[in-house]
Novice: 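My questions all concern the structure below.
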Amino acid sequence: MISSSDLKQEFKESDRFYEDANKDLSLKDPILQEMIRSEFGRDRDRIFFSRAFRRLQHKAQIYSNEKGDHYRTRLTHTLEVSQLSRSLARYLSVNEDLVEAIAIGHDIGHTPFGHEGERVLDDVMSGNDNLGMTRFKINHGGFKHNFNSVRVLDITTLKYQDKPGLNLSWQVLEGILKHTRTKRCKEEDCTKCGNCWDIKRFIHDKKLIDTLYLDFNFSVTLEGQIVSIADEIAQRQHDLDDGLRDASLRLDSNDVYSKIISFIGEIVDAKPVNCKSCSHQEKVYLNDCYNSLDILKNKLEVNKESKNKLYMIDSLVRDIIEYFIIDVYRTTNYNISISELDISRTNACNGTILDKNLVSFSELGTILDNKIESYINHQIINSHGVNMFDGKSKFIIRQLCKAYYNNPLQMPSYVLMRLEKAIRDKFQFYGIDLRLSDIFKNGTKKDITMLIKLLKLDDIPIIYMQGPIIKNPYDINGHDKESIFESINKIGTSEIENDSDRFVKWLLENNYAYLSTICDYIAGMTDNYAKDEYKKLYLVD
Ligand SMILES: Nc1nc2c(ncn2[C@H]2C[C@H](O)[C@@H](COP(=O)(O)OP(=O)(O)OP(=O)(O)O)O2)c(=O)[nH]1
């Protein structure tokens with residue numbers, strides 16, 4: 001029978017996209033021979049020492065960091081996920097460095113103001129919000145923080161002179177992508193409408209996509225699966241903790257205790273141990289699951305009587321974590337023991353690939369987790385105060401999008417250089433010449449205005465395109481502008497058939513480069529930076 005340690009990931013050089021890119025990195029001091037650093041540990045450290053990681057300290061989890069020092073931010077949430085993941089990895093004897101790398105990077109693509117910022121960028125990038133300005137409804141693949149985490153690590157964070165990203169191993173990127181949903185709807189509701197987030201819009205090379213095993217909506221490594229569940233455990237305990245700290249919610253710790261005790265009561269009443277046909281192993285497992293719930297209930301009943309409020313809150317958090325960790329550990333071992341995994345098949349040339357989600361809560365743990373989550377949604381996330389915060393956040397992010405969309409020169413020069421590089425690449429790809437170099441720096445106002453109109457699809461400056469800034473080899477003079485614009489909504493992702501399609505595709509790609517540069521810039525901001533930018537853009541001193 002196999003055990004969890006048989007499923008541990010071991011690093012191979014081929015796990016990185018650029019296999020030999022590390023050769024020139026170190027100082028080559030001979031003493032390095034004695035200092036062994038694992039490759040997954042190296043991945044973790046690359047993420048740790050990135051600027052994007054440090055910015056997590058000022059990105060909201062539920063609340064803004066300005067509300068108080070004890071509320072979770074994306075950084076403290078990330079550290080808690082990392083600690084829970086490492087514990088589980090150690091108990092299950094799998095790769096601790098790998099889980100830590102995945103955990104440290106999992107939320108690095110979050111926007112300012114957490115999920116609210118994410119929703120605005122998603123609407124803009126999928127064409128559902130035209131900001132009152134865009135001319136066409138174009139789905140550019142949407143926006144989701146786990147996809148963006150992979151993008152930040154694979155493209156926008158730089159380590160090498162001549163290569164994008166941090167060159168992390170596929171196991172790290174795959175685990176980060178799968179820590180939460182990768183599809184808009186549940187598998188059973190999927191109509192393949194083509195409206196899901198488009199991974200091709202988030203990473204630098206299509207070959208990388210194969211290493212992300214997108215056919216599976218869970219991670220194919222045990223380490224990735226651990227981080228996904230540790231993320232849930234971390235959220236349940238800290239959302240309750242933060243909610244109890246927020247005086248405006250008037251949540252009383254006694255009521256929260258009573259609620260969770262009543263949830264456990266309902267679960268036990270609804271599902272009596274009744275398993276005549278179960279194997280001995282299954283009976284033992286189920287009994288243990290019930291016992292754990294009972295132990296949790298007893299502890300909660302005792303601590304509920306405490307007169308010390310802080311002790312009550314801290315022990316609630318601790319007991320919830322402990323219950324879920326034990327439940328996941330026990331259930332994962334049980335799942336592996338009954339999985340009938342064929343280790344020779346599982347160990348493919350890329351490493352150990354799991355086609356089953358083995359790291360999970362028990363059935364009872366899942367029900368308790370769902371009940372606590374729904375309680376948090378009703379009592380905390382849907383509260384007046386959080387809605388006020390989210391409303392303001394949405395307003396700020398939307399106003400930033402509008403300002404930059406309207407006039408990109410309001411973004412700093414390094415962002416404009418990125419935009420210029422992105423469009424230069426598209427121009428080259430489609431065989432069109434962008435004649436001026438450093439157009440945003442050296443171009444005349446007229447050049448820049450023309451280019452921006454084209455990027456926004458507001459206008460196609462046809463005559464100018466054979467002029468000083470752009471040389472276009474396609475014969476578009478014969479087509480009127482309206483017929484070209486008409487094709488834009490039709491062409492979408494269809495194959496290019498002729499020069500006219502190719503030209504329209506090029507226009508769309510430029511429009512994507514424009515919007516995604518704005519989106520990358522905003523997504524990278526902290527809450528504070530976004531607020532400051534908003535003030536600078538819109539308020540009179
Ligand atoms: N302020 C605010 N916070 C929210 C909202 N929705 C979720 N949150 C907070 C609660 C949790 O601490 C955290 C995660 O929520 P979800 O379960 O929806 O997201 P996911 O599984 O993708 O988790 P992750 O963001 O990756 O940690 O974000 C919202 O609408 N407003």
Side-chain angles (χ1 to χ4, degrees), residues 53 56 58-68 70-85 102-123 142-150 152-153 175-184 186 197 217-219 224-246 248-249 317 320-321 324 361 366 369-397 523 527 530:
F53 178 73
L56 293 175
H58 284 160
K59 293 194 182 207
Q61 182 68 22
I62 295 184
Y63 296 102
S64 154
N65 74 304
E66 283 181 357
K67 194 171 165 74
H70 292 133
Y71 291 98
R72 269 42 169 218
T73 63
R74 287 283 153 195
L75 181 68
T76 46
H77 161 73
T78 296
L79 296 176
E80 289 179 19
V81 173
S82 167
Q83 190 280 324
L84 296 172
S85 306
I102 299 170
I104 289 298
H106 82 285
D107 266 356
I108 209 162
H110 247 300
T111 58
F113 313 119
H115 285 281
E116 200 56 40
E118 177 181 53
R119 279 175 212 128
V120 175
L121 295 188
D122 189 30
D123 282 345
F143 181 92
K144 174 95 175 137
H145 75 273
N146 47 328
F147 286 72
N148 194 47
S149 294
V150 174
V152 167
L153 298 168
I176 288 175
L177 178 71
K178 311 273 187 68
H179 83 267
T180 187
R181 279 185 312 139
T182 52
K183 297 263 160 43
R184 282 194 194 271
K186 292 195 179 124
W197 301 287
N217 60 6
F218 49 81
S219 173
Q225 296 181 10
I226 285 173
V227 176
S228 172
I229 210 149
D231 188 27
E232 291 218 12
I233 299 173
Q235 285 167 22
R236 295 307 163 260
Q237 53 83 24
H238 65 49
D239 289 357
L240 283 176
D241 190 24
D242 285 357
L244 282 164
R245 191 170 307 282
D246 178 0
S248 73
L249 295 182
V317 163
I320 288 180
I321 293 178
F324 280 124
F361 297 123
T366 304
D369 178 56
N370 289 341
K371 282 180 184 277
I372 298 178
E373 185 184 18
S374 133
Y375 180 71
I376 290 169
N377 284 339
H378 282 105
Q379 299 295 323
I380 303 170
I381 295 176
N382 273 341
S383 65
H384 173 75
V386 174
N387 270 285
M388 295 278 282
F389 174 65
D390 286 358
K392 235 187 262 182
S393 308
K394 178 174 180 173
F395 177 76
I396 293 173
I397 298 292
D527 303 356

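Note that the structure is a prediction, hence the values are computed from the model and not measured. Ligands are counted one by one from 1 in listed order, and the atoms in each one are counted from 1 as well.
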Novice: Please enumerate all residues that pass salt bridge (charged side-chain N to carboxylate O under 4.0 Å, His left out) together with D390, with sequence neighbours excluded.
Specialist: none
Novice: Who are the residue neighbours of ligand 1 when the rule is a heavy atom under 4.0 Å from any of its atoms?
Specialist: Q61, I62, R74, H77, D107, H110, H115, R119, H145, H179, T180, D231, Q235, H238, D239, I381, V386, D390
Novice: By salt bridge (charged side-chain N to carboxylate O under 4.0 Å, His left out), which residues pair with D241, not counting sequence neighbours?
Specialist: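 For D241 the salt bridge (charged side-chain N to carboxylate O under 4.0 Å, His left out) partners, ignoring immediate neighbours, are R72, R245.
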Novice: Which residues pass the salt bridge (charged side-chain N to carboxylate O under 4.0 Å, His left out) test with D231, sequence neighbours left out?
Specialist: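 Partners of D231 by the salt bridge (charged side-chain N to carboxylate O under 4.0 Å, His left out) criterion come out as none, since no residue qualifies.
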Novice: Could you verify whether a donor N or O on one side chain and an acceptor N or O on the other, from Q237 and E80, lie under 3.5 Å apart?
Specialist: yes
Novice: Do D369 and R236 meet the salt-bridge criterion of a basic N to acidic O distance under 4.0 Å?
Specialist: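 Judged by the 4.0 Å cut-off on N to carboxylate O distance, R236 and D369 do form a salt bridge.
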Novice: Are H179 and H145 close enough that a side-chain donor and a side-chain acceptor fall under 3.5 Å?
Specialist: yes
